[in-house]
Amino acid sequence: QVLLQAYGGGLVQPGGSLRLSCAVSGFSLDDYAIAWFRQVPGKEREGVACIGNGYVKTRYVDSVKGRFTITKDNYKKTVFLQMNSLKPEDTAVYHCATEVTNCNSRWDLLDLGRWGVGTLVTVSS
């Protein structure tokens with residue numbers, strides 16, 4: 001079975017840092033791209049970052065460029081999202097998912113395959 005589990009969220013003050021992890025099973029990260037997206041009640045989901053399956057390729061939404069970094073460890077079957085200089089507007093439930101286009105230029109349309117339970121990030125004083 002294809003399974004993904006995001007974890008590592010929590011409460012952090014503005015300007016702080018947090019690292020999220022996405023543990024995957026049932027497939028290899030050599031074969032599938034992974035995207036992080038976030039959801040806030042009453043709003044459309046938003047793509048945050050994407051990392052390709054093989055060649056080095058990463059994508060970020062403009063609002064997080066310079067602050068967030070997506071990486072992965074294929075051997076450990078884990079994708080990470082390092083979040084620095086966090087802002088209150090980053091507050092959301094963060095999910096990881098397989099991404100169908102291998103992070104092409106329109107990755108932000110979120111052409112997704114599978115995802116699981118997200119993790120809550122709250123940025124507040």
Side-chain angles (χ1 to χ4, degrees):
Q1 293 184 343
V2 175
L3 299 174
L4 301 92
Q5 179 63 59
Y7 60 94
L11 175 64
V12 62
Q13 66 182 27
S17 297
L18 206 60
R19 188 180 75 161
L20 305 184
S21 299
C22 173
V24 311
S25 62
F27 65 97
S28 172
L29 291 174
D30 291 322
D31 298 326
Y32 293 91
I34 301 294
W36 286 95
F37 68 93
R38 58 192 181 187
Q39 292 185 311
V40 177
K43 295 185 177 181
E44 296 294 321
R45 66 185 183 183
E46 178 185 41
V48 177
C50 192
I51 188 164
N53 63 355
Y55 299 113
V56 177
K57 181 190 295 183
T58 57
R59 304 282 192 180
Y60 300 94
V61 65
D62 286 346
S63 62
V64 310
K65 288 181 178 178
R67 299 190 298 121
F68 291 10
T69 304
I70 186 170
T71 58
K72 66 176 180 174
D73 186 326
N74 287 5
Y75 183 77
K76 294 182 178 180
K77 304 187 72 170
T78 304
V79 180
F80 305 96
L81 185 68
Q82 178 66 46
M83 305 184 294
N84 298 327
S85 302
L86 283 162
K87 304 175 180 180
E89 49 264 45
D90 294 318
T91 296
V93 176
Y94 285 71
H95 299 258
C96 55
T98 57
E99 198 278 334
V100 174
T101 74
N102 200 23
C103 307
N104 72 10
S105 62
R106 299 304 297 150
W107 72 276
D108 57 323
L109 295 177
L110 298 182
D111 191 355
L112 306 176
R114 298 287 299 275
W115 64 88
V117 177
T119 187
L120 176 63
V121 173
T122 302
V123 184
S124 180
S125 298

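One is the number of the first residue; the rest follow in order along the sequence. Note that the structure is predicted; figures quoted are calculated from it, not measured.
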Please tell me if the side chains of Val121 and Met83 come closer than 4.5 Å, counting only heavy atoms from C-beta onward. yes
N/O donor-acceptor pair under 3.5 Å between Thr122 side chain and Thr91 backbone: no
Heavy-atom closest pair, residues Cys103 and Gly52: SG-N, 3.6 Å
Run the numbers on Arg59 and Asp108 for salt bridge (Lys or Arg N to Asp or Glu O under 4.0 Å), then give the verdict. CA-CA 9 Å; Arg59 304 282 192 180; Asp108 57 323; over 6 Å; no
For Leu18 and Gly8, which heavy atoms make the closest approach, and how far apart are they? CG-O, 3.7 Å
I'd like to know whether CD of Glu44 has more than 12 heavy-atom contacts from other residues, nucleotides or ligands below 6.0 angstrom. no
At their closest point, which heavy atom of Gly47 faces which heavy atom of Phe37, and how far apart are they? CA-CB, 4.1 Å
Hey, are the side chains of Lys72 and Ile70 touching, using non-hydrogen atoms and a 4.5 Å cut-off? no
Side-chain heavy-atom pair His95, Leu112 within 4.5 angstrom cut-off: no
Do any N or O atoms from the side chain of Tyr60 and from the backbone of Gly66 form a donor-acceptor pair under 3.5 angstrom? no
In terms of hydrophobic clustering (I, L, V, M, F, W, Y; side-chain heavy atoms under 4.5 Å; direct or indirect links), are Val61 and Trp115 co-clustered? no
Got Ile34 and Glu99 here, is their nearest side-chain heavy-atom distance under 4.5 Å? no
Between CD of Glu46 and CD of Gln39, what distance do you get to the nearest 0.5 Å? 11.0 Å
Regarding Lys87 and Asp90, does a basic nitrogen lie under 4.0 Å from an acidic carboxylate oxygen? no
Where do Pro14 and Ser124 come nearest, in terms of heavy atoms and distance? CD-C, 3.6 Å
If hydrophobic clusters are built by linking Ile, Leu, Val, Met, Phe, Trp and Tyr wherever their side-chain heavy atoms come under 4.5 Å apart, do Val93 and Leu20 end up in the same one? no
Phe68 vs Tyr94 aromatic rings, parallel, tilted or perpendicular, using cut-offs 30° and 60°? tilted
Mind checking whether Leu120 and Trp36 sit in one hydrophobic cluster, side chains of I, L, V, M, F, W, Y counted as touching below 4.5 Å? no
Decide side chain to side chain contact (heavy atoms under 4.5 Å, CB included) for Phe80 and Asp73; before the verdict, give the C-alpha distance in whole Å, the side-chain angles of both, and the deciding distance to 0.1 Å. CA-CA 8 Å; Phe80 305 96; Asp73 186 326; 4.2 Å; yes
Leu110 to Arg45 - nearest heavy-atom pair and separation: O-NH2, 3.3 Å
I'd like to know if Ile51 and Val100 are part of one continuous hydrophobic network [Ile/Leu/Val/Met/Phe/Trp/Tyr, side-chain heavy atoms within less than 4.5 Å]. no
What is the distance from atom SG of Cys22 to atom OH of Tyr7, rounded to the nearest 0.5 Å? 8.5 Å
If every non-hydrogen atom of Gln5 is compared with every non-hydrogen atom of Val117, which pair is closest and at what distance? NE2-O, 3.4 Å
Heavy-atom check, side chain of Arg114 versus side chain of Leu4, under 4.5 Å: yes
Inter-residue atom distance Trp107.CH2 - Lys57.NZ, 0.5 Å rounding: 12.5 Å
Apply the side chain to side chain donor-acceptor pair (under 3.5 Å) test between Asn53 and each candidate in Thr98, Asn74, Asp30, Asn102; give the one that qualifies. Asn102
Enter the distance from Leu86:CG to Arg67:CZ here, rounded to the nearest 0.5 Å. 6.5 Å
